[in-house]
*Asks:* 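Input: one structure, supplied below.
Keep in mind it's a predicted model, so treat the numbers as computed, not measured. Heads up: numbering here begins at 1 and tracks the sequence.
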Amino acid sequence: MEQVTVDQGFWDLFPDAQVNILYASGIDNHDNDENIAERRKLLHNATEEAQKFLTNETFRLNPVIDQWRKAYQQFKKKKGARASVEALLKRVNQGRTFDPIDPMVDVYNSVSMTYGVPVGIEDRDKIAGDMHLGIAKGGEAFQPVGADKDEPALEGEVMYYDNDGAVCRCLNWRDAQRTMLTQDSQNIVAVIEAINPEQIKRANEAMDELSKLINHYFGVEPSQVFHLTKDNPTAVVPK
C-alpha cells in the first residue's frame, strides 16, 4: 500500500467533508500487563468524556448520532449499518463499561468516545494495492469481522476498498476480516471522517490526540496528519 485516495464519488455526496489520515509503522500491538491499568483508566475517562455527546434523553436525537444517521441516508447501505461512533456511544448511553482489548483498539476507542468521531484503523500490510474511499459498483468481496461467509458490498454503497474488495463497508461501519487490526499488526493506517465544520474541528483534535497516544503507548513517531478534501484527495505513505 502506497497511498489512500478519496474518489470523486465520495466528494459528490459530501463536498464539504474532510477525511483525516494518519500512518504509523513499527508498532507492537501485543497485549501486555505493563500498561493495562493505564489503558483501563484511559477507557474509563473516555466513557466519562462521552457523556457530553449524550445530552438528549432520546438517543437518536443527540447531534453526533443524528448527523451520522442523516449522512448514512445519502447512500445505499446494509440494513442496520451505523457509524462506528454510534455503537460506542450507545454502550455509554446504556451505562456499560469498556474493558481493555489490545493497546491500539483501546487507544482508538478512547479517542472516538472522547471526541465523538468515527475512528477506523486497518493493517496496511494486508491492503492489496492502494486503499480508496469511494462508491461501490456492487458485489465487491467482503467478509466482516466475526462472520464466516462473504457479504458483498451493495451498488452505490460508500466504502473503503482495495484491489481485492471492500476493506470497510458502509463508510466507517465494519471492517473486513482480511485487513482488520490484530495483535500482530505492525504498520497501520488510521482514518477519521467528518462531514461538517463542527465535526472537522473535533476530527482534527481527535487525530492529534491519536498521534500523541500512539507515540506514548508504542514508542513510534506517527506520520503527519493528512487532511483530505475534494481539492486534495490523496495521502501518500511516507517513505
*Asks:* Is R178 paired with D123 through a side-chain N to carboxylate O contact shorter than 4.0 Å?
*Replies:*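 Salt bridge: no.
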
*Asks:* Can you get from I21 to L210 by hopping between Ile, Leu, Val, Met, Phe, Trp and Tyr side chains that sit under 4.5 Å apart?
*Replies:*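 I21 does not cluster with L210.
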
*Asks:* Could you list the residues that satisfy ring pair (Phe, Tyr, Trp, His ring centres under 6.0 Å) with F14, not counting sequence neighbours?
*Replies:*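 Result, ring pair (Phe, Tyr, Trp, His ring centres under 6.0 Å) vs F14: F10.
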
*Asks:* Give a yes or no answer on whether the side chain of D106 reaches the backbone of I101 with a donor-acceptor pair at less than 3.5 Å.
*Replies:*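 Looks like yes, one N/O pair under 3.5 Å.
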
*Asks:* Determine the minimum heavy-atom distance between A17 and W11, stating which atoms define it.
*Replies:*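 Distance-wise, the nearest heavy atoms are O-CZ3, 3.4 Å.
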
*Asks:* Scan side-chain atoms only and decide if T179 and E122 contain a donor-acceptor pair under the 3.5 Å cut-off.
*Replies:*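 Their side chains do contain a donor-acceptor pair, which is all the 3.5 Å distance test asks for.
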
*Asks:* Between Q177 (side chain only) and G146 (backbone N and O only), is there a donor and an acceptor less than 3.5 Å apart?
*Replies:*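 Answer holds: yes.
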
*Asks:* What's the shortest heavy-atom distance between E151 and A147, and which atoms?
*Replies:*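 Smallest heavy-atom distance, with atoms named: OE2-CB, 4.3 Å.
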
*Asks:* Out of curiosity, H216 NE2 to N35 CG, how far, rounded to the nearest 0.5 Å?
*Replies:*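 The distance works out to 7.5 Å.
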
*Asks:* Out of the candidates E193, E198, Q199, only one should pair with I195 under the side-chain contact (heavy atoms from CB on, under 4.5 Å) rule; please name it.
*Replies:*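 The option that passes is Q199.
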
*Asks:* Determine whether a donor-acceptor pair (N or O, by modelled atom type, separation under 3.5 Å) exists between the side chain of N187 and the backbone of S25.
*Replies:*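 The answer is no, because no donor-acceptor pair under 3.5 Å joins these two groups.
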
*Asks:* Minimum heavy-atom separation for V111 and V117, please, with both atom names.
*Replies:*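 So the two residues come closest at O-CG2, 4.5 Å.
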
*Asks:* Using a strict threshold of under 4.0 Å (side-chain N to carboxylate O), is an ion pair present between K52 and E49?
*Replies:*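 Result for this pair is yes, salt bridge flagged.
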
*Asks:* With clusters defined by side-chain heavy atoms of hydrophobic residues (ILVMFWY) lying less than 4.5 Å apart, directly or transitively, does V191 cluster with V225?
*Replies:*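 Different clusters: V225 never reaches V191 through Ile, Leu, Val, Met, Phe, Trp or Tyr contacts under 4.5 Å.
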
*Asks:* Indicate if I135 and V4 have the same hydrophobic cluster label, given that clusters are the connected sets of ILVMFWY residues with side-chain heavy-atom separations under 4.5 angstrom.
*Replies:*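 Per the 4.5 Å side-chain linkage, I135 and V4 are co-clustered.
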
*Asks:* Using modelled atom types only, decide if a donor and an acceptor are shared between the side chain of T47 and the backbone of L43 within a distance under 3.5 Å.
*Replies:*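 A pair under 3.5 Å: yes.
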
*Asks:* For W68 and L89, what are the C-alpha separation, side-chain angles and deciding distance, and is it a side chain to side chain contact (heavy atoms under 4.5 Å, CB included)?
*Replies:* CA-CA 12 Å; W68 280 113; L89 292 180; over 6 Å; no

*Asks:* Compare all side-chain heavy atoms of R169 with those of R174 and state whether any distance is below 4.5 angstrom.
*Replies:*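 When only atoms from C-beta onward are counted, R174 and R169 do not touch, as no gap falls below 4.5 Å.
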
*Asks:* When rounded to the nearest 0.5 angstrom, what is the spacing between CE in M104 and CG in L213?
*Replies:*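 The CE atom of M104 sits 10.0 Å away from the CG atom of L213.
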
*Asks:* Within this structure, what is the CZ-CG distance for the pair R91 and N109, rounded to the nearest 0.5 Å?
*Replies:*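 Reported value, rounded in 0.5 Å steps: 8.5 Å.
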
*Asks:* Between K77 and L154, does a side chain to side chain contact (heavy atoms under 4.5 Å, CB included) hold up when you go through it step by step?
*Replies:* CA-CA 7 Å; K77 65 183 184 299; L154 303 171; 5.7 Å; no

*Asks:* Is the backbone N or O of G165 less than 3.5 Å from a side-chain atom of D162, with the two atoms forming a donor-acceptor pair by type?
*Replies:*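 Yes, D162 side chain to G165 backbone: donor-acceptor pair under 3.5 Å.
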
*Asks:* Just checking, R82 and Y72: is the charged tip under 6.0 Å from the six-membered ring centre and within 45° of the axis?
*Replies:*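 Checked: cation-pi criterion not met.
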
*Asks:* Where the side chain of R39 meets the backbone of D99, is there a donor-acceptor pair that is under 3.5 Å apart?
*Replies:*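 Not at all, since once roles are kept as given, no pair shorter than 3.5 Å links the two residues.
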
*Asks:* If hydrophobic clusters are built by linking Ile, Leu, Val, Met, Phe, Trp and Tyr wherever their side-chain heavy atoms come under 4.5 Å apart, do I192 and I188 end up in the same one?
*Replies:*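 Looking at the clustering, I188 is in the same group as I192.
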
*Asks:* Taking atom CD of Q8 as the centre, report whether more than 12 heavy atoms of other residues, nucleotides or ligands fall under 6.0 Å from it.
*Replies:*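 It does: Q8 CD has more than 12 such atoms within range.
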
*Asks:* Between E86 and R69, is there a side-chain N and carboxylate O pair less than 4.0 Å apart?
*Replies:*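 Salt bridge: yes.
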
*Asks:* Decide side chain to side chain contact (heavy atoms under 4.5 Å, CB included) for V105 and L181; before the verdict, give the C-alpha distance in whole Å, the side-chain angles of both, and the deciding distance to 0.1 Å.
*Replies:* CA-CA 8 Å; V105 171; L181 181 76; 3.9 Å; yes

*Asks:* Could you check whether any side-chain N or O of S211 sits under 3.5 Å from a backbone N or O of M207, counting only pairs where one atom can act as donor and the other as acceptor?
*Replies:*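 No, because the side chain of S211 does not come within donor-acceptor range (under 3.5 Å) of the backbone of M207.
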
*Asks:* State, without any angle test, whether D31 and Q183 hold a side-chain donor-acceptor pair at a distance under 3.5 Å.
*Replies:*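 Checked: D31/Q183 side chains show no N/O donor-acceptor pair below 3.5 Å.
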
*Asks:* Between L13 and V158, is there a side-chain heavy-atom distance shorter than 4.5 Å?
*Replies:*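 Yes - at least one pair of side-chain heavy atoms lies under 4.5 Å apart.
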
*Asks:* Under 3.5 Å, is there a donor-acceptor pair between the N20 and N204 side chains?
*Replies:*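 There is such a pair between these side chains.
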
*Asks:* Closest approach of K230 and P15, non-hydrogen atoms and distance?
*Replies:*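 Reported closest heavy-atom pair: NZ-O, 3.3 Å.
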
*Asks:* With distance as the sole test, does N62 use its side chain to make a donor-acceptor pair with the main-chain N or O of V64 at under 3.5 Å?
*Replies:*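 The answer is no, because no donor-acceptor pair under 3.5 Å joins these two groups.
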
*Asks:* Apply the test side-chain hydrogen bond (donor to acceptor under 3.5 Å, both in side chains) to residues N196 and Q67: give CA-CA distance (whole Å), side-chain angles for both, the deciding distance (0.1 Å), then the verdict.
*Replies:* CA-CA 9 Å; N196 62 43; Q67 289 171 16; 3.0 Å; yes

*Asks:* For a quick test of reading the model, state the closest non-hydrogen atom pair linking V92 to F98 and the distance between them.
*Replies:*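 It is CG2-CE1, 3.9 Å.
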
*Asks:* Please report the interatomic distance CD(Q18) to OG1(T229), rounded to the nearest 0.5 Å.
*Replies:*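 One finds 7.5 Å between CD of Q18 and OG1 of T229.
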
*Asks:* Kindly compute the distance separating CD1 (I200) from CG (D16), expressed to the nearest 0.5 Å.
*Replies:*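 Result: 7.5 Å between the selected atoms.
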
*Asks:* Can you confirm whether the side chains of Y161 and D7 place a donor and an acceptor under 3.5 Å from each other?
*Replies:*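 Per modelled atom types, Y161 and D7 side chains form a pair under 3.5 Å.
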
*Asks:* Would E140 and M159 count as a side chain to side chain contact (heavy atoms under 4.5 Å, CB included) here? Give the steps.
*Replies:* CA-CA 10 Å; E140 289 89 347; M159 66 172 187; 3.4 Å; yes

*Asks:* For the atom pair CG (L22) and CG (D208), what is the distance rounded to the nearest 0.5 Å?
*Replies:*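 One gets 9.0 Å once the value is rounded to the nearest 0.5 Å.
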
*Asks:* Give a yes or no answer on whether the side chain of K126 reaches the backbone of M180 with a donor-acceptor pair at less than 3.5 Å.
*Replies:*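 Flag set: sc K126 to bb M180 pair under 3.5 Å.
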
*Asks:* For E34, look at atom CD and say whether over 12 heavy atoms of other residues, nucleotides or ligands are found less than 6.0 Å away.
*Replies:*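 Incorrect, the count does not exceed 12.
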
*Asks:* Is it true that E205 and K201 make a salt bridge, defined as a side-chain N closer than 4.0 Å to a carboxylate O?
*Replies:*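 The answer is yes: the pair qualifies as a salt bridge.
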
*Asks:* Answer yes or no: is there an ion pair linking K76 with E155, defined by an N-O contact shorter than 4.0 Å?
*Replies:*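 Looking at K76 and E155, the cut-off is not met.
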
*Asks:* Can you get from I127 to L171 by hopping between Ile, Leu, Val, Met, Phe, Trp and Tyr side chains that sit under 4.5 Å apart?
*Replies:*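 Yes: a chain of side-chain contacts under 4.5 Å links I127 to L171.
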
*Asks:* Using the rule side-chain contact (heavy atoms from CB on, under 4.5 Å), only one of C170, P118, C168 pairs with S84; which is it?
*Replies:*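 That would be P118.
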
*Asks:* Do P233 and L228 come within less than 4.5 Å of each other through their side chains, counting heavy atoms only?
*Replies:*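 When only atoms from C-beta onward are counted, L228 and P233 do not touch, as no gap falls below 4.5 Å.
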
*Asks:* If you take all heavy atoms of N29 and P103, which pair is closest and at what distance?
*Replies:*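 Taking every non-hydrogen atom into account, O-CD, 3.3 Å.
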
*Asks:* Salt bridge check: are K70 and D66 linked by an N-O gap of less than 4.0 Å?
*Replies:*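 Judged by the 4.0 Å cut-off on N to carboxylate O distance, K70 and D66 do form a salt bridge.
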
